[in-house]
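Structure record follows, encoded as C-alpha cells.
Throughout, protein chains are lettered first and strands after them, A, B, ... in sequence-line order, and every chain is numbered starting at 1.
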Amino acid sequence: MVLTLFIIASVTFFLMDALPGTPYNNQDRLTESQLEMLNKKYGFDKPLFERYVNYLVSIVHGDFGISLQFSDQPVSTLLSQRMGPSIQLGLQAVIFGTLVGVFLGVIAAMHQNRFLDVFCSLFAITGRSVPNFVVAVLLQSLFAVTLKLLPIGLWDEGFRSSILPSLTLSISPMAESCRFIRTEMVEVLSSDYIELARAKGMSEIRIAFSHGLRNALIPLITVLGPMTVSLMTGSLVVENIFAVPGIGEQFTKSILSNDYYTIMAVTILFSAMLVVVIFLTDILYQLIDPRVRVEGKKHGTE
Amino acid sequence: MKRLLSVVLALTLVLGAVSFASAEESKVLHWFISGEITTMDTTKVYDTISGEGVFLIADPLYRLDQNADPQPNLAVALPEISEDGTVYTITIRDDAKYANGDPVKAEDVVYAVQRVFDPAVGSQNSSVTGIKNRLAVRAGELPVEELGVRALSDTVLEITLEAADPYFTKKLADTSYSPIPKAFAEEQGENYALSADALLSAGPFVLTGWTGTEISWSYVKNPNYWDAENVYFDEIVYQVVKDQNTALNLYEAGQLDGVNISSDFIPLYEGQDDLTKISTLRMTNLEQNINQLQGDGSYTPHPVLSNENIRKALLFGIDREELCNEVLNGAAAPAVGVIPNGIASAPDGKSVAESFGVLVNFDLEAAREYLAKGLEELGQDSVTLRLVTSDTDESIKIGTYLQSEIQENLPGIVIDLANVPSSVRFAEMMGYNFDLALGGWTGDYDPTSYPNQFETSYEHNHAKWVSEELTGLISALNNEDGNDFEARWEHLKAANEYLIDNAVVIPLEQAVNGYLINPALTGFVTHQLGYSVFDLSRAAFAE
C-alpha cells in the first residue's frame with residue numbers, strides 16, 4: 001500500500017512539474033521581479049530533484065504544504081473543510097442508489113421479459129446514459145423551483161440541502177446495481193438449488209431475496225468499491241449546480257491553476273481511499289461468499 | 001434494508017418540516033460572488049474576487065463616488081500635493097477605530113503599504129504603483145523602511161512618488177491603502193488574515209464565519225466604525241454560486257439580492273428593473289505576436305504578422321458592433337482605440353471617444369485591400385494563424401466568432417482556433433510563442449497604463465513590439481509631463497494613434513458587466529475599474 005502511494009506521489013510530482021504556466025493566479029500581470037520574489041518565497045527556484053525530496057520528506061511528516069490559489073491557506077485545512085460534504089453526499093448516494101437499484105434489479109429478474117423488467121431495464125439504461133448535469137438541473141427545477149419542496153442549492157439547511165445532490169449522484173449506482181443484479185439474478189434464479197427451494201414451497205420473494213441475492217451480490221461489490229470512492233471524492237458538476245462546498249471541484253480547479261500542493265494532496269488522498277476500499281472489498285467478498293477464502297488459501301499453497 | 005429506507009424517508013420529512021421556519025431579518029443583504037475568496041489580506045488582493053471580499057472590511061483613504069471622483073474616507077480631506085506633484089501629504093481622521101476599539105494611526109497605513117512590497121509577505125498585488133523605491137524594496141535591495149511612505153504623526157501620512165501622477169489620488173481609493181495594525185499582524189505572523197479570527201480591520205463591516213475555504217460567509221456591521229450611523233445593513237451574507245442557472249433560480253426565489261449574469265441571459269431580463277449594466281474599462285484585445293522568440297533566445301519577425309498590411313486587414317476586418325450586440329448581447333461596447341472610452345476626460349472635458357476619435361472601425365473594403373497587398377508582399381495565397389483563447393464560455397464565444405468573421409471577411413486568412421486553460425494561454429503568450437491570442441487588459445485610472453503595455457521594455461509586451469517613438473511617448477507620460485494636463489493629453493493621443501496606425505494590437509471591446517439587483521436596493525456605488533465592482537458599504541433597502 002505504501003509503495004503504491006509512493007509511486008503515485010512520485011509520478012504525479014513529475015507530471016505536475018511539466019504543466020505549463022505558473023501557480024500564481026495573477027500571472028498575466030506579475031512583473032519579472034515579482035515572479036522571482038514569489039518563486040524564491042515558495043521555493044520554486046530550487047532544482048526539481050531537491051524539491052521532490054523536500055516534498056516527500058514533508059509528506060511523511062504530515063505536512064501537505066500550502067494552497068497557492070487560497071493565498072497560503074494550508075492544504076490540510078482546505079481538504080478537511082471540503083471532504084465532509086463530499087463524503088456525506090457520496091455515501092448517501094451509494095447507499096440509497098444501491099438499495100433502490102438492487103431492489104429494482106431483483107424485481108426485474110423476477111419478472112423477466114415482462115413489463116416490470118422492461119421498465120427497470122429502461123430506467124437503468126437511461127440512468128447510465130443521461131449525464132449528471134441534466135439530472136441535477138431537472139431535479140432542481142422540479143423539486144426546488146416548481147414544487148418548492150427542497151432548497152435550490154446552498155449548504156445551509158443540513159440534511160435537506162443534501163437531498164437533491166445525493167439523489168443526482170445516486171442515479172449512477174442505482175442504474176449500475178440494477179443492471180448487475182438483474183443479469184446475475186436471472187442466472188441464479190434458473191439454477192438447481194433455486195428449483196429446490198421452489199420445490200420446498202418457499203415464496204418467490206423469499207427465494208429471490210434470501211437465496212438468490214446473496215449469490216448475485218459478488219460482481220456488484222467489485223464495481224461498487226471504486227464507485228463509492230469516486231462518489232465520495234466529489235463531483236465538479238453536482239457541487240457547482242447545488243453550490244455545495246465539496247472537494248470535487250477543487251481538484252479540477254487546482255490542476256487548472258497549477259496549485260501544486262493541492263493537486264498532490266488530493267491525488268494522494270484519492271489514491272489512499274481507493275487502496276483502502278479495494279482492500280475492504282476483498283474482505284467483503286469473504287464475508288459474502290466463503291468460497292473466496294478457500295480458493296485464496298489454495299492459491300497460497302500451490 | 002427496508003427499515004433503513006423508511007428511516008431515511010421519515011428523516012427527510014421531519015427535517016423538511018423543521019427548517020421551514022427561517023424568517024428573514026429585514027436588514028440582511030444576500031450577495032452573490034463567483035468563487036471562493038483567494039485572500040482576505042488587503043495587501044495581497046489581486047483579483048476581483050478577493051477585491052470584493054476585502055472591500056467591506058477595508059477602510060481605504062478615499063472612496064470613489066459614482067463619477068469615479070475620490071471622496072475623503074479615512075482621510076479627512078483630499079491630499080495636499082507638493083508643487084512638483086511627487087509628495088502627497090494626507091491627514092487621516094482621529095476618530096477611526098478598529099473593530100476591537102483600538103485607534104487607527106497613520107503608521108498602520110504605512111505598514112499596510114510596506115506589506116505590499118515586502119518580499120517576506122510575497123504579495124501578488126499589482127495595483128499599487130508609482131511609490132518611490134518600491135521596486136528596490138520588492139527585490140530585497142532596500143529595507144521596507146526606505147519605501148516612499150512614512151507617518152509624520154499619528155494622523156499625518158506622507159507618500160513620495162517617483163514621478164508626478166495626476167491620477168494618483170484616485171489610486172489612493174485602492175483597498176491596499178487600508179490600515180493594518182502592525183502589532184496584531186505580527187502576532188498572527190503567517191496566519192494573518194487566513195481566518196476571520198486572525199484578522200483585525202477598521203472598515204464598516206467585520207468578517208465572520210470564514211476559516212479559509214468556505215463558500216459562504218458574512219460581514220456584520222462594525223459598531224466601532226467612525227461612520228456606523230450611515231451603515232444600514234446589520235449583516236451582508238456572501239454566497240459562492242458557480243452555476244449560472246442556480247444563481248438565477250436563487251435570485252428569482254429571493255434568496256439572493258444581487259447576482260452577476262452572463263451575456264447569454266441578458267436578453268431574458270432586458271427592460272426589467274432588476275437588470276443593471278455596468279460599463280467597465282476592461283479591454284479585450286486580439287494580441288499579435290509580431291516578433292517571435294527563437295530557440296536561441298533571439299527574436300525574429302513573425303513570418304506573417306510582421307507584415308503591417310496583414311495586421312491592418314485584421315484591424316479593419318472585424319465587425320465590433322456585431323460582436324458586442326449580437327454575439328455578446330450587449331455585455332460589451334465596441335472599442336474605440338487602445339485607450340478605453342470613459343477612463344478620463346480631456347482638458348476640455350471631452351470623452352476619449354470624442355477627443356481621440358473612434359480609430360478602430362469595421363471597413364471591409366479597406367480590410368480586403370490591405371489583405372491583398374499583404375498577401376502579395378508575402379508572396380502567398382493564404383496564411384494560417386493560430387488563435388489561442390482561454391477556455392471560459394465567454395472566450396470561446398468570442399474566439400469562435402473571430403474565427404468565422406475573419407475567415408469570411410478576409411478570404412486567404414485561415415484561423416486555427418485553440419481554446420486552452422488560461423494558464424496555458426499565459427504560458428504561450430509569455431513564451432512569445434503564439435500567432436494570435438485573445439487577451440484582456442485592465443489598467444488603472446491613469447490612461448497611460450493602457451498604451452504602456454506595448455512599450456518595448458514592458459514585461460507584458462506580448463507583441464514584442466520595438467519602437468523608439470512609442471518609448472519616447474511613454475517615457476514623457478511617465479516621467480516628464482507631471483501635472484501638465486495639456487501635454488499629457490497630447491502624448492496620450494499620439495500613443496493611442498501610433499499603436500493603431502501600426503496595428504500593434506487589435507482592440508475589440510470594452511466589457512459591460514450584467515447584474516440582476518433587487519430593485520429595492522439603493523445607495524450602492526459601482527466602479528468601472530479596480531478589483532471591486534460594488535461599494536455596498538452604504539447600501540440600503542428603500543423603506
Treating B:T246 as the side-chain partner and A:I241 as the backbone partner, does any N or O pair qualify as donor plus acceptor under 3.5 Å? yes
Name the region of B:A247, side chain, backbone, both or neither, that has any atom closer than 4.5 Å to a heavy atom of chain A. neither
Compare all side-chain heavy atoms of B:T213 with those of A:S67 and state whether any distance is below 4.5 angstrom. no
In short, B:V240 meets A:A243 closest at the heavy-atom pair O-CB, 3.9 Å
Above 12 or not: heavy atoms from other molecules or residues under 6.0 Å from CG of B:D393? no
Cationic N near anionic O, under 4.0 Å, B:E214 to A:R82: no
Among B:T39, B:T211, B:L135, single out the residue with the greatest number of heavy-atom pairs under 4.5 Å to chain A. B:T211
Which portion of B:V121 sits near chain A, non-hydrogen atoms under 4.5 angstrom: backbone
Does a side-chain N-to-carboxylate-O contact under 4.0 Å join B:K242 and A:E239? no
Below 4.5 Å from any heavy atom of chain B, which atoms of A:P151 appear? Answer side chain, backbone, both or neither. neither
Okay, A:V137 and chain B: the region with an atom under 4.5 Å from a heavy atom over there is neither
Toward chain B, the part of A:Q73 with a non-hydrogen atom under 4.5 Å: both
At their closest point, which heavy atom of B:Q255 faces which heavy atom of A:L154, and how far apart are they? NE2-CD1, 4.2 Å
Given heavy-atom pairs under 4.5 angstrom as the criterion, report whether the side chain, backbone, both or neither of A:N240 touches chain B. both
About how many Å separate OG of A:S141 and CG of B:N245, when rounded to the nearest 0.5 Å? 9.5 Å
If you look at every heavy atom in B:A253 and A:I152, which pair is closest and at what distance? CB-CD1, 3.6 Å
Does a side-chain heavy-atom distance below 4.5 Å link B:R138 with A:E36? no
